[in-house]
Structure formats: C-alpha cells, structure tokens
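Remarks on the structure that follows.
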Amino acid sequence: LSDSYISVSRSSLTGFNDWDISKFNQNEIIWNKTFNIGLNDYPRDVITNSNDEILIVGNTENELNSDYVHLIKLDSEGNNLWQFTNNNFKARGYSIIETNSDEYLIAGTSADSSPYGVIMKISDQEIIGCTDELACNYDANANTNDGSCIYPDCNGSCNNENLMLWGDCYNINETTE
C-alpha cells in the first residue's frame, strides 16, 4: 500500500450507519466498499498489516442498543477476508496494532454507564460457526458464519418443540382438540 492510502468513514447509504472504506492512489479511487454490520456502526481506526491486508476496528450497535467491538479484515483489493464482533461484553474499539504475525491488540472502552479501559487480543485465525448472538447455537469464538445458526421456535424454545400454525404457537408434545 506504499503508493496508496485507505479512507474509512461512516455513511448512511442504506439508511443505517455503514462503514465506507475506500482505497485511493493519488487522486483516483481504486475501490470502495460499504459494510453494514448493525444499526449504528462506527469505524475508528485502520491499519495495514505485514501482509498488506487492511484491518478496520470500531464498534457496532445491535437491536438492544448495546455497543460491541467489530473488526473487519480485507485483502489489498478490498475483498472481505473475515469479520469479527466480540459479543461477549459491551465495548467500543478505538485503536488497533499488530503485535506479531497473526495477532492484534485492540484498545477501547467498555460501553457501560461508567466506562473503563479495555484491551483485547485477537488472533488472525478463521473460526467457523454461528456468529448470530440471537441463535440457539451461537458461538462467541466464531468469526466466520457458516450458515449453521438455529433460532428459537415460536415460543422461544431452542428444543424445536413448538410449531406456528395459523398465527398460533402449539407445543408438539401436547394434544389439543
């Protein structure tokens, strides 16, 4: 990236607040990518690593108005290599550094009413699993969604013991007349 630079901003192209990422060479745009992660997304810092890959850290807000650290890794052409949202605790990511090959430190603050400093260590390994925190089989360690997410049934059970028929939720283990 020695002859180019990366621009990261917050835009509202989809009606939400997206991460708008562009690569420039002199005065021309080489590529532009837009990522919508949650409801209100805030990109905070961008670096290139030793492999000329691009990492952008910030935070995203979910439906419950909770902020979580979010990290996107792109190749030098802007292709998404992986994304990671730390759903384990509420926090905002403000800065990222590469410590050595395949490891990064993210500095930020908690998103609690009385914030405190947060340091997170992230490994550059792809962990495949369900990344949706609303799913029954959510995997907090996964950074790549494999499409295996299983969602609660109409009564909020993860045992798939309820069935929605004509707008009503019925337990399949009970009989009705």
Side-chain angles (χ1 to χ4, degrees), residues 8-21 32-45 55-75 78-94 96 104 106-177:
V8 179
S9 62
R10 186 173 179 230
S11 68
S12 299
L13 296 175
T14 63
F16 297 100
N17 294 307
D18 306 321
W19 292 18
D20 190 40
I21 305 164
N32 177 269
K33 305 288 180 170
T34 300
F35 294 88
N36 178 263
I37 299 112
L39 298 178
N40 286 307
D41 302 329
Y42 297 86
R44 307 282 187 183
D45 192 19
L55 289 103
I56 303 100
V57 69
N59 55 284
T60 185
E61 184 180 284
N62 66 12
E63 298 82 18
L64 303 173
N65 295 323
S66 298
D67 286 330
Y68 295 97
V69 171
H70 191 78
L71 179 64
I72 298 175
K73 183 177 181 185
L74 308 174
D75 66 15
N79 299 308
N80 187 0
L81 298 175
W82 53 258
Q83 295 187 46
F84 170 77
T85 301
N86 184 343
N87 294 310
N88 294 328
F89 62 92
K90 299 175 187 178
R92 297 178 182 112
Y94 287 101
I96 183 170
Y104 306 94
I106 297 173
T109 62
S110 69
D112 298 328
S113 57
S114 53
Y116 53 88
V118 173
I119 302 281
M120 297 172 51
K121 183 177 179 181
I122 303 291
S123 177
D124 193 11
Q125 299 173 10
E126 183 177 46
I127 302 169
I128 297 173
C130 175
T131 59
D132 187 343
E133 66 185 60
L134 301 176
C136 297
N137 60 332
Y138 166 67
D139 183 351
N141 296 315
N143 57 25
T144 300
N145 198 335
D146 63 357
S148 69
C149 296
I150 300 169
Y151 295 93
D153 61 26
C154 59
N155 199 33
S157 171
C158 287
N159 297 329
N160 289 321
E161 57 193 23
N162 298 292
L163 180 65
M164 179 69 75
L165 291 173
W166 301 287
D168 293 319
C169 187
Y170 295 95
N171 186 302
I172 61 173
N173 298 316
E174 298 175 4
T175 58
T176 59
E177 309 236 353

Side-chain ([X]) to main-chain ([Y]) donor-acceptor, under 3.5 angstrom:
X	Y	value
N137	C130	no
N162	C154	no
S110	Y116	yes
D18	D20	no
D153	E161	yes
R10	P43	no

Kindly write out the residues that satisfy side-chain hydrogen bond (donor to acceptor under 3.5 Å, both in side chains) with N159, not counting sequence neighbours, or none if the list is empty.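 side-chain hydrogen bond (donor to acceptor under 3.5 Å, both in side chains) list for N159, sorted by chain: empty.
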Given the rule in the side chain to side chain contact (heavy atoms under 4.5 Å, CB included) test, do I106 and D45 qualify, once you have shown the distances and angles that lead to the verdict? CA-CA 10 Å; I106 297 173; D45 192 19; over 6 Å; no
Return the CG to OG1 distance between D41 and T34, rounded to the nearest 0.5 Å.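 Rounded to the nearest 0.5 Å, the CG-OG1 separation comes to 11.5 Å.
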Sub-4.5 Å side-chain heavy-atom contact between V118 and T109: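 With C-beta onward as the side chain, the pair stays apart.
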Could you tell me which residues satisfy salt bridge (Lys or Arg N to Asp or Glu O under 4.0 Å) with R44, sequence neighbours excluded, listed by chain and number?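 Counting only residues at least two positions away or on another chain, R44 forms no salt bridge (Lys or Arg N to Asp or Glu O under 4.0 Å).
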Measure across V69 and R92 and return the closest heavy-atom pair with its distance rounded to 0.1 Å.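 Heavy-atom minimum between the residues: CG2-C, 3.8 Å.
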